[in-house]
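Per chain, numbering begins at 1; letters A, B, ... match sequence-line order. Values below: every heavy atom of this structure, side chains too, minus hydrogens, waters and symmetry copies.
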Amino acid sequence: MLDELTRPLRVSADLQHEVEQFLYLEAALLDERRLREWLDLLADDIEYTLDTNSLAQFRDRRRGWAPPTTYIFHEDKYQLERRVARVETGQAWAEEPASRTRHFVTNVRVLAQADDELVVGCNYLVHRASKAHDHHSFIGTRRDTLRRIAAPDGGETFTIARRRLELDEFTLMSANVSIIL
Amino acid sequence: MDDDQIRSLVDSRNGTVKPAIYSDAQLYELELERVFGRTWLFLAHESQIPKPGDFFNTFMGEDPVLVVRQKDGSVQVMMNQCRHRGMKLCHADSGNTKAFTCPYHGWAYQVDGALQSVPLEKEAYRGKLDKSKWGLIKAPRVESYKGLIFANWDESAPDLVTYLGDMAWYLDGFLDRREGGTEVVGGVHKWMIDCNWKFAAEQFCSDQYHAPYTHASAIQVLAPTPQNKPDGSPLGDGQTERPAWANGLGGVQFAGKGHGSAFFFTENADANVWVGGEVSAYFRETYPEAEARLGKVRALRLAGHNTMFPTLSWLNGTQTLRVWHPRGPGRIEVWVFCIADKAAPPEVKEALKKSHARAFGPAGFLEQDDSENWIEVQKVLRGHKARQTDFCMQMGLGFEERREDGIPGITNGTFAETAARGFYQRWVDLMTGKSWNEIEAAGAAWEQEVIDA
């Protein structure tokens with residue numbers, strides 16, 4: 001469905017603005033380490049995935065064959081909550097002392113709309129600074145399914161119903177992925 | 001560095017090592033020749049290259065090699081390097097091909113490594129190039145063990161089963177649970193860790209001691225408690241209340257020929273699998289078949305961690321098999337495979353792929369903590385004083401035994417460094433350039449000595 005989009009979907013400036021502000025809020029919660037509040041943005045049935053990449057010959061790709069991939073993340077809400085709980089133990093050594101992260105979200109496009117859901121594409125760059133001298137970047141693209149829900153204070157807001165991350169690296173240059181991408 | 005200097009770095013009798021072995025660039029160059037140039041190195045699983053022309057692109061030490069299925073079903077291992085100017089021939093992770101053609105000048109090789117064609121052969125070489133002399137460099141020794149493909153550059157090395165020795169007993173516990181053997185599920189996790197390869201290999205060989213503390217956070221959040229799961233149920237139906245090491249049932253560490261393994265005794269067929277219910281249920285349901293094939297101890301899958309010298313490690317239960325490719329004295333490239341019984345149903349394989357990633361992928365609940373330790377030790381070893389100061393490797397020294405219950409080899413309690421001492425003994429014997437006969441004799445003498453002590 002997404003690959004068929006060869007020209008921008010016509011969405012209102014208001015909707016574009018609303019989607020961007022939601023994604024920026026989410027990024028801020030992660031970067032400010034308000035991880036429990038971040039969890040509140042996720043739908044109970046969220047599926048959060050990131051696959052590995054593989055290098056395939058053109059002739060194999062043409063035949064529809066590529067080397068198999070595997071998951072880096074394939075998490076449901078329970079597992080994401082456990083990841084947050086792990087950091088909260090104070091003994092998650094990759095995050096102790098906690099790293100600082102900066103989530104950048106760009107190229108935000110509404111790719112599809114149906115009923116109460118939007119499919120939103122973006123590129124992301126996550127910078128992680130940890131220990132005294134370590135800097136790592138994670139760069140990729142993302143497909144989010146945002147679902148409209150009633151906001152607690154009236155009105156409407158979004159919840160994240162699905163997140164499909166892609167990372168550009170073939171071999172991860174970081175020793176571990178201890179942060180939420 | 002001469003042999004006496006190398007010998008002075010490791011004292012396996014008294015349990016010390018000089019940390020220069022993890023950081024010295026000269027030693028690293030010697031390792032590529034004397035360790036990685038002489039030992040059996042894991043390359044791929046048979047299931048990854050089922051058909052003729054299938055290849056898997058990997059490394060022996062730092063040397064890139066292609067593992068290729070031949071027309072007659074055999075496997076050949078050849079340098080992924082053109083004989084003309086040394087260009088890397090193939091950059092795909094795996095695939096199927098009729099030939100490997102060099103991107104630089106177009107020399108083309110058959111899948112058996114023979115040089116097939118050279119562009120402008122008549123004009124450029126005037127018909128004088130003897131193509132039969134310029135085939136790809138091949139590993140002279142290639143052997144499989146229960147689905148795992150290994151190669152060795154050294155023609156004088158013992159055969160693979162002799163090289164494994166008692167370690168085969170532990171490897172069988174991982175690969176031979178069910179009729180039909182195993183396969184790789186999904187792709188390969190690959191990532192870089194800034195640490196020496198021996199930190200990773202030694203930990204999986206010998207270091208049960210790190211687990212309770214290093215993995216404290218995962219233990220807390222994955223234990224089956226009401227705080228951790230709303231209904232208080234375990235992640236797997238047979239998950240133990242506490243980690244296996246807390247149950248007080250004891251465990252065993254094994255050392256032999258540089259390899260090592262350690263596990264705990266438990267009573268549940270699916271104990272200590274911090275994963276979803278399907279995987280847990282599968283291990284319980286298939287327990288009778290596994291017990292009939294392997295006996296009780298191994299069927300319980302409790303060889304917790306293992307390293308086959310030098311760089312192949314695995315963990316039963318979460319089914320991770322990994323190779324620590326060296327990338328300089330201070331860096332490794334980790335390649336991780338998820339291994340499943342071939343006879344397991346598809347839904348179990350899928351569940352295993354998820355749980356494997358969740359526990360021991362690069363974002364895994366347990367994996368994250370390990371790399372952090374090795375990196376930080378490596379950073380400290382940039383200091384002059386830090387490199388000269390002995391590391392203590394004396395845990396369980398003098399308490400080695402040979403058991404009479406069928407568990408083979410030199411053993412100790414599971415919290416011991418017997419396997420680490422054996423690992424470094426093998427390392428120093430290889431590094432001082434002993435012949436394989438001398439290496440095997442020195443290893444046997446060390447094993448006898450620790451039993452007699």
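Residues A/F104 and A/Y124 form no side-chain contact, since every pair of their non-hydrogen atoms from C-beta on lies 4.5 Å or further apart. Contact of the B/V221 side chain with the A/T89 side chain is registered, since non-hydrogen atoms from C-beta on lie closer than 4.5 Å.
Among B/K379, B/K190, B/E333, B/E367, the residue with the largest count of heavy-atom pairs under 4.5 Å with chain A is B/K190. Residue with the most contacts toward chain B among A/E96, A/M173, A/R83: A/R83 (heavy-atom pairs, distance under 4.5 Å). Among B/T214, B/D194, B/N57, B/I375, the residue with the largest count of heavy-atom pairs under 4.5 Å with chain A is B/T214. Of the residues considered (B/T97, B/N373, B/V336), B/T97 shows the highest number of contacts with chain A, using heavy-atom pairs under 4.5 Å. No other option in A/L181, A/I179, A/L172 has as many heavy-atom pairs under 4.5 Å with chain B as A/L172. Heavy-atom pairs under 4.5 Å with chain B peak, among A/V87, A/L50, A/I72, at A/I72.
If you measure heavy-atom distances from A/D51 to chain B, you find no contacts under 4.5 Å at all. Neither the backbone nor the side chain of B/V184 comes within less than 4.5 Å of any heavy atom of chain A. For A/T52, the part lying near chain B is the side chain, with the backbone staying farther off; criterion is any non-hydrogen pair under 4.5 Å. A/A56 touches chain B through its backbone: at least one of N, CA, C or O sits under 4.5 Å from a heavy atom, while the side chain does not. In this structure, the portion of B/F55 lying under 4.5 Å from any heavy atom of chain A is its side chain and not its backbone. Residue A/R63 touches chain B through its side chain alone, counting heavy-atom pairs closer than 4.5 Å. Both the backbone and the side chain of A/E75 come within contact range of chain B, with heavy atoms under 4.5 Å apart.
Crowding of A/F170 atom CZ: a count of heavy atoms from other residues, nucleotides or ligands under 6.0 Å exceeding 12.
By the 6.0 Å and 45° rule, B/K353 stacks over the aromatic ring of A/Y71.
If you check the side chains of A/Q16 and A/E20, you find a donor sitting under 3.5 Å from an acceptor.
A distance-only check finds a donor-acceptor pair linking the side chain of B/Q48 to the backbone of B/H45 [under 3.5 Å].
Ring geometry, B/H189 versus B/W191: the interplanar angle exceeds 60°, so the pair is classed perpendicular (tilted spans 30 to 60°).
The salt bridge (charged side-chain N to carboxylate O under 4.0 Å, His left out) contacts involving residues 150-159 of chain A comprise A/R148-A/E156, where partners must be two or more places apart or lie in separate chains.
Pairing each heavy atom of A/D60 with each of B/S94, the nearest pair is OD2-O, 4.1 Å.
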